[in-house]
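Numbering starts at 1 and runs along the sequence shown. Atoms considered below: every heavy atom in the structure, side chains included; atoms not considered: hydrogens, waters and symmetry mates.
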Amino acid sequence: MVNDEKSKLRALNEISSIDITLEFDRILEKILDFTCKTMDAHSGTIMLVDEVDGELKMVASYRLGPDYIEKVYKAAEKAGVQITSSPSGTVLKTGKYYSVPNVYNEPKNRPWFDLSKELGFSAQIFVPMKRGIKVTGLLNVYMADPYHFRDEEIDFLTIAASQAASVVQNARICTRLKDNIHELKQYKEQLEEKIKKAHKGLFDSEAKYRELFDNAQEGICVTDINGRFLSINKTGLQIYRCISDQIIGTKFSEWLSKDSVDIALSTLNKLQSGEITEQQVIREIIRPNGEHRWIEEKIRAIKEYDRIIGFHSMINDITEKKDMELRLRYYNEKLRMSYEKLKIAEVKYRDLFENASDGIYIHDVDGYFIKINKAGLEMFGCHGEEIIGSHLSEWLSPASVEMVNEIIKDLVSGKTIDKPAILEVVRKDGKSRLGEIKVRPVNYDDTITEVYGIIRDVTEKNRLEQKLAEYHEQIEQSYEDLKEAHRAKTEFISNITHELLTPLTSIRGYTELINDKKMGDINDDLREKLQIILRDTDQLIILIHNLSIVAELENNILELQIKSVSINETIIKILQDIQPQLECKKISIVQDIHTLPEIGGDEEKLATVILNLIVNAIKFTPENGKIAITAVEEGDNIRISINDTGTGIPADKLPFIFDRFHQVYGTSSRKYGGVGLGLIISKAIIEMHNGIIWAKSDENGSTFNIVLPKHNLDRYHKPQTINHKP
């Protein structure tokens, strides 16, 4: 059962503060851990509505064993019922909680009766997780013995389920956003690589042609972790004698002979396991036309952050290499002829390279094709005899024909065409492709007789650019969803702090009346317990107050009500209010507080800062310790210092103490309590007053210093409002 309000508030705060970037299963474990521990429950589960098929599914369990979910579904299957035949189905339909005080009073033919008996829980409550009015899942808590859940426990579970629904939704959005960003990054990298390759080629100088020729002598391809082709260069396509669309997305094993598949899979398994990082193999490939060729392939693993994400291969067609070796042996006695053969082979490979790059074509000034290379034929999807002698209009859309006619007209008139044009090519098979062309005139005796053109297939580039724009729009929408979720979380914190503060203030007031004997005499034992109530109530009120200020900070709506403030009176009132805390730990206060001039500021906010620092000092000071408070005037400023004789702050933690939700001792020393709000709030408020705050610490204790300017009070005849700006 829930022990006290403080435990409930802590659990709700811990649920709402779960890091949504964690693994999804870990997030669900944390929700169940916080909820069940607060309820002192035997166990618990979470069920979520699947976003794809809309079915309710059990996705996490707490203290029920790793195979509990499997047992539940097997029990349902054995009984021939759906999992929603239990109270979970009722909650899903009605949107209201459903409690079972004693499962053994339920009908004995229910499929989960024996499972409950086996695991040792007797009572259950099913609470809907809602987003708006829509039920997105169920938070379920199981008790060991028969149990009637109290109203305040049901209220706590209802809020916890609402918090859990928000965290789950935000985690799902965060996961989708990370997936979108990852996919966008992949498309961006592919696009940049294609653009980089596209800028190379026939536009470069002779030196670049030779450099590209040397680099392109080997085929290059990239496959994913499962051996599926992601990209392949022109030489690689030439080796496989196919076009990009035929090979991209297929597995490498689909292009191998039966004898080579086993060898290739063995190599892939070794690379995937990390046993080897690089391997050179010889494989027999089968081209689309059925022709068998032998290739030599050097494969290496591609890693990202020590994780294998794919493979990079350099391939050579060694079929022709073997033929060449035979020729070289045949002409071994005729060195001069062999040399000439090698020169011819070099020219041949150079020609093959030039043909394997962007499409190159020549047409006359009337638009009739004269010559076209292999890459150009691939672009138009035809054979040479089908296009040579034909007119441009047979291979372009009507709009593109008009564009080309204007280009030819401009060239003939002497104009220079520098900007590439995008044409719509209509292939022989009727399919359309986008081609980027760059043209120049061919002169003969100062007369333009032909047009030399280079065409580059930019269909994929255009598709990727459109995909990039779509993902950009999706990311923007995801960002807006996260902003809305953040706003809802902040509004929830603001509402719950307001609802909690009113009853706590009443509790403190009545406790103080009893403690001050305004309602009759009390003995020492009762007085000691009342002091504890006052102390804990004050700490809870401070926490709730800090949560409210944090909500205002996060929404950039924190305001200062500037008026004349007496620091002396403020410190006196604070010391009176925290007397119960001082008495509980028998801490003495040493004061060196001078008479200070009034300053301009927000009295309530400045009191919050000083109170937070003194409460922190009490928290970290052992019993019978001492706290020294100094307040002096220093030129145009006043300085307030609070020194304690506590444990001190480690040197490596000191630079981070003003960070949000930072705690010096973390989870290893929870005896000090707190959620790390006080110092970040103090820093924001002091800086809004144009002041500074810092801390010093050693093994003898810590000192927090505040310096505030002495504003000219003539400026503040009336209270002024100053908004917090991040």
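Across every non-hydrogen atom of D652 and F656, the tightest pair is O-CE1, 3.3 Å. Here the closest heavy-atom approach between residue D602 and residue E559 is recorded as OD2-O, 3.9 Å. When all heavy atoms of F311 and D224 are compared, the closest pair comes out as CD1-O, 3.4 Å. The heavy-atom pair separating A164 from I31 by the smallest distance is CB-CG2, 3.7 Å. Across all non-hydrogen atoms, the minimal contact from T21 to C174 is CG2-SG, 3.9 Å. Looking at every heavy atom in both residues, L613 comes nearest to I693 through CD1-CD1, 4.3 Å.
Judged purely by atom type and a 3.5 angstrom limit, H42 uses its side chain to pair as donor or acceptor with the backbone of L119. The backbone N or O of M58 sits less than 3.5 Å from a side-chain atom of Y73, completing a donor-acceptor pair. A distance-only check finds no donor-acceptor pair linking the side chain of N226 to the backbone of R228 [under 3.5 Å]. Side-chain atoms of T608 come within 3.5 Å of backbone atoms of E604 as a donor-acceptor pair (strictly under, hydrogens ignored). Checking side-chain atoms of T136 against main-chain N and O of M129 turns up a donor-acceptor pair under 3.5 Å. Looking at T459, its side chain does come within 3.5 Å of a backbone N or O of L434 through a donor-acceptor pair. A donor-acceptor pair under 3.5 Å links the side-chain atoms of T38 to the main chain of F34, judged by distance alone.
The distance from atom CG of L22 to atom CD of E29, rounded to the nearest 0.5 Å, is 10.0 Å. In this structure, the separation between CG on D145 and CZ on F121 is 13.0 Å, given to the nearest 0.5 Å. Annotation: the span from L56 atom CG to I83 atom CD1 amounts to 6.5 Å, rounded to 0.5 Å. If you take NZ on K30 and OH on Y62, they are separated by 12.5 Å, rounding to the nearest 0.5 Å. To the nearest 0.5 Å, atom CD1 of residue I657 and atom CD1 of residue I680 are 11.0 Å apart. Distance check, rounded to the nearest 0.5 Å: CG of L268 to OG of S253 gives 9.0 Å.
With sequence neighbours excluded, the residues that form a side-chain contact (heavy atoms from CB on, under 4.5 Å) with E603 are K563, V565, T570. With sequence neighbours excluded, the residues forming a side chain to side chain donor-acceptor pair (under 3.5 Å) with E70 are K74, listed by chain and number. Scanning for side chain to side chain donor-acceptor pair (under 3.5 Å) contacts around E476 gives H472, with sequence neighbours left out. Partners of T45 by side chain to side chain donor-acceptor pair (under 3.5 Å), not counting sequence neighbours, listed by chain and number: N140, Y142. Annotation: side-chain contact (heavy atoms from CB on, under 4.5 Å) contacts of E687 (sequence neighbours excluded): K683. By the salt bridge (charged side-chain N to carboxylate O under 4.0 Å, His left out) test, K71 pairs with D67, E118, sequence neighbours left out. Under the rule for a ring pair (Phe, Tyr, Trp, His ring centres under 6.0 Å), Y471 has no partner lying at least two apart in sequence or in another chain. Looking at residues two or more places apart in sequence or on another chain, you find a side-chain contact (heavy atoms from CB on, under 4.5 Å) between I247 and F229, I232, L237, Y240, C242, T250, W255. Shown here are the side-chain contact (heavy atoms from CB on, under 4.5 Å) partners of Q82, two or more places apart in sequence or in another chain: T84. For H182, the side chain to side chain donor-acceptor pair (under 3.5 Å) partners two or more places apart in sequence, or in a different chain, are Q186.
Each side-chain hydrogen bond (donor to acceptor under 3.5 Å, both in side chains) pair with one or both residues in residues 121-132, not counting sequence neighbours, would appear here, but there are none. Sorted by first and then second residue, the salt bridge (Lys or Arg N to Asp or Glu O under 4.0 Å) pairs with a member in residues 162-174 read E51-R172; sequence neighbours excluded.
E55 has no carboxylate O lying under 4.0 Å from a charged side-chain N of K57, or vice versa, which leaves the two without a salt bridge. Under a 4.0 Å N-O distance rule, the pair R150/E153 qualifies as a salt bridge.
A 4.5 Å side-chain heavy-atom check between K8 and I159 finds every atom pair outside the cut-off. For the pair P101/Y147, no side-chain contact is recorded, criterion being any heavy-atom separation below 4.5 Å from C-beta on. The closest side-chain heavy-atom distance from F24 to L48 is below 4.5 Å. In this structure, S7 and R10 have side chains that are in contact, with non-hydrogen atoms separated by less than 4.5 Å. Inter-residue side-chain proximity for I578 and L611 is flagged as met; some heavy-atom pair is nearer than 4.5 Å. You'll find the side chain of I125 stays beyond 4.5 Å of the side chain of L139, heavy atoms only. Side-chain contact between N462 and E465 is present, with at least one heavy-atom pair separated by less than 4.5 Å.
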side-chain contact (heavy atoms from CB on, under 4.5 Å) between C36 and M39, intermediate numbers included: CA-CA 5 Å; C36 291; M39 288 290 298; 5.7 Å; no
Stepwise side-chain contact (heavy atoms from CB on, under 4.5 Å) test for I475 and I181: CA-CA 8 Å; I475 288 174; I181 291 173; 4.2 Å; yes
Test side-chain contact (heavy atoms from CB on, under 4.5 Å) applied to I618 and I614, step by step: CA-CA 6 Å; I618 295 172; I614 296 177; 4.2 Å; yes
Residue pair Q272, I225: steps toward the side-chain contact (heavy atoms from CB on, under 4.5 Å) verdict: CA-CA 7 Å; Q272 289 173 335; I225 190 68; 4.1 Å; yes
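The neighbour count for K117 NZ, taken as heavy atoms of other residues, nucleotides or ligands under 6.0 Å away, does not exceed 12. In E473, the CD atom is not crowded: 12 or fewer heavy atoms of neighbouring residues, nucleotides or ligands sit closer than 6.0 Å. Heavy atoms of other residues, nucleotides or ligands lying less than 6.0 angstrom from CD of E304 number more than 12. A 6.0 Å sphere centred on CD of E254 holds more than 12 heavy atoms belonging to other residues, nucleotides or ligands.
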